[in-house]
Amino acid sequence: MRMERERALLAEYGRKMSSAGLSHGTAGNLSIRDGETGLIAITPSGVQYFDIRPEDIVIMDMEGNVVEGSRKPSSEYGLHAGFYRANEDKGCGAVVHTHSTYATTLACMGEPIRAVHYAIAGAGTHEIPLCEYATFGTPELAKKAVAACNGGRAVLLANHGLVAFGPNLEKAFNLASNLENLAQIQWQCLCTGRMNVLTKEQIDQVLVRYQTYGQTAAKDGSLNGY
């Protein structure tokens with residue numbers, strides 16, 4: 001069985017995603033890309049996360065062909081492949097797509113996630129942009145989402161959810177989780193009618209600080225701040 005370790009990780013993090021409330025039911029999807037072969041391991045379509053076993057994970061190539069697996073792959077495999085292609089220079093090794101409550105609420109409001117807290121710098125940017133609406137599982141959505149990402153590591157999909165990526169599944173998942181927390185903070189600020197948004201220059205300073213944050217400097221192209 002190909003990519004056994006990656007299959008096990010995806011099954012594990014699917015359960016984590018569901019338990020954390022980042023997606024409900026069968027919504028959302030996760031994937032890991034093998035940098036050597038270029039193959040993608042991705043969660044199956046329409047299967048409850050607590051029911052997914054490693055053998056249910058589907059192995060695909062970058063063109064969307066199933067290489068191994070008996071299940072139908074996530075309908076968003078094109079979205080995942082698009083982010084891998086566009087961010088290879090950033091060491092993109094995993095993609096997490098959630099329908100988390102607060103991030104999706106902002107996406108339905110037409111609001112990006114703004115720099116209401118300096119931790120947004122974990123996404124490598126001062127704002128999580130909003131991709132305009134397109135039907136799920138279509139090449140149009142994949143194209144729009146990748147273009148809207150604009151240099152960061154995450155994007156909101158209008159009336160849909162959030163996409164985050166990182167060098168590995170743990171960091172991509174942690175970023176998606178942290179951004180959900182920031183979206184909740186922003187929502188609470190909006191409810192009070194008061195919101196102090198940090199400037200790009202202030203976040204740029206945080207990005208510099210993040211390079212030496214933690215026990216060791218990151219060597220995988222990621223930021224230590226998340």
Side-chain angles (χ1 to χ4, degrees), residues 9 13 16-17 20-22 28 30-33 35 80 82-98 100-107 109 111-131 145-157 161-226:
L9 279 172
Y13 273 84
K16 286 185 177 182
M17 184 169 70
L22 296 182
L30 310 95
S31 71
I32 299 173
R33 181 176 182 266
H80 290 246
F83 276 94
Y84 289 125
R85 287 193 193 94
N87 297 283
E88 190 169 359
D89 60 329
K90 292 184 179 180
C92 179
V95 176
V96 173
H97 169 41
T98 72
S100 53
T101 301
Y102 288 96
T104 303
T105 297
L106 294 183
M109 293 169 63
E111 279 282 327
I113 299 178
R114 304 182 189 277
V116 293
H117 190 284
Y118 73 81
I120 197 171
T125 184
H126 69 289
E127 182 175 285
I128 308 305
L130 179 73
C131 162
V146 170
C149 201
N150 195 28
R153 291 185 173 88
V155 64
L156 286 177
L157 310 179
L162 171 80
V163 178
F165 66 87
N168 54 54
L169 187 56
E170 179 185 15
K171 290 199 171 186
F173 180 87
N174 287 346
L175 178 57
S177 180
N178 288 344
L179 291 177
E180 171 63 4
N181 182 53
L182 292 184
Q184 181 176 359
I185 292 170
Q186 181 172 329
W187 165 254
Q188 290 170 172
C189 289
L190 288 169
C191 287
T192 67
R194 297 177 61 189
M195 186 165 67
N196 180 37
V197 179
L198 298 173
T199 66
K200 181 181 183 301
E201 290 71 25
Q202 288 171 318
I203 296 302
D204 285 342
Q205 292 174 9
V206 176
L207 286 168
V208 172
R209 292 283 292 172
Y210 268 2
Q211 299 306 317
T212 54
Y213 176 85
Q215 298 302 308
T216 58
K219 297 179 181 180
D220 55 11
S222 64
L223 299 176
N224 278 323
Y226 65 94

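When reading the values below, keep in mind they use all heavy atoms of this one structure, side chains included, and skip hydrogens, waters and symmetry mates. These figures come from a predicted structure and were not determined experimentally.
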Met109/Leu190 under side chain to side chain contact (heavy atoms under 4.5 Å, CB included): CA gap, chis, key distance, verdict: CA-CA 11 Å; Met109 293 169 63; Leu190 288 169; 4.0 Å; yes
I need the [X] [atom1] to [Y] [atom2] distance, nearest 0.5 Å.
X      : Y      : atom1 : atom2 : result
Thr199 : Asp204 : OG1   : CG    : 8.0 Å
Arg114 : Leu198 : CZ    : CG    : 13.0 Å
Ile128 : Asn150 : CD1   : CG    : 11.0 Å
Ile113 : Leu156 : CD1   : CG    : 4.5 Å
Leu175 : Leu162 : CG    : CG    : 7.5 Å
Leu106 : Thr104 : CG    : OG1   : 9.0 Å

Partner set under salt bridge (Lys or Arg N to Asp or Glu O under 4.0 Å) for Glu180, not counting sequence neighbours: none
Can you list the residues that meet the side chain to side chain contact (heavy atoms under 4.5 Å, CB included) rule with [X], with sequence neighbours excluded?
X      : value
Ser177 : Leu22
Thr192 : Arg194
Gln188 : Gln184

For atom [atom1] of [X], decide whether the heavy atoms of other residues, nucleotides or ligands shown that lie under 6.0 angstrom number more than 12.
X      : atom1 : answer
Asp89  : CG    : yes
Arg209 : CZ    : no
Gln202 : CD    : yes

Determine the minimum heavy-atom distance between [X] and [Y], stating which atoms define it.
X      : Y      : value
Cys131 : Ala145 : SG-N, 3.5 Å
Ala94  : Ala172 : O-CB, 3.8 Å
Val96  : Thr98  : CG1-CG2, 3.7 Å
Val206 : Ala121 : CG1-CB, 3.6 Å
Tyr118 : Ile203 : CA-CD1, 4.0 Å
Phe165 : Cys92  : CD1-SG, 3.6 Å

Residues Lys16, Glu170; criterion side chain to side chain contact (heavy atoms under 4.5 Å, CB included); working and verdict: CA-CA 11 Å; Lys16 286 185 177 182; Glu170 179 185 15; over 6 Å; no
Side chain to side chain contact (heavy atoms under 4.5 Å, CB included) between Glu111 and Trp187, intermediate numbers included: CA-CA 10 Å; Glu111 279 282 327; Trp187 165 254; over 6 Å; no
Test item: Gln186 side-chain N/O and Pro112 main-chain N/O as donor-acceptor pair under 3.5 Å: yes
Lys90 side chain to Gly151 backbone, donor-acceptor under 3.5 Å: yes
Those residues that, when tested against Phe173, pass ring pair (Phe, Tyr, Trp, His ring centres under 6.0 Å) (two or more places apart): Tyr13
Test ring pair (Phe, Tyr, Trp, His ring centres under 6.0 Å) applied to His97 - qualifying residues, sequence neighbours left out: His99, His160
Candidate pair Asn181 and Asn178, rule side chain to side chain contact (heavy atoms under 4.5 Å, CB included), full reasoning: CA-CA 5 Å; Asn181 182 53; Asn178 288 344; 5.5 Å; no
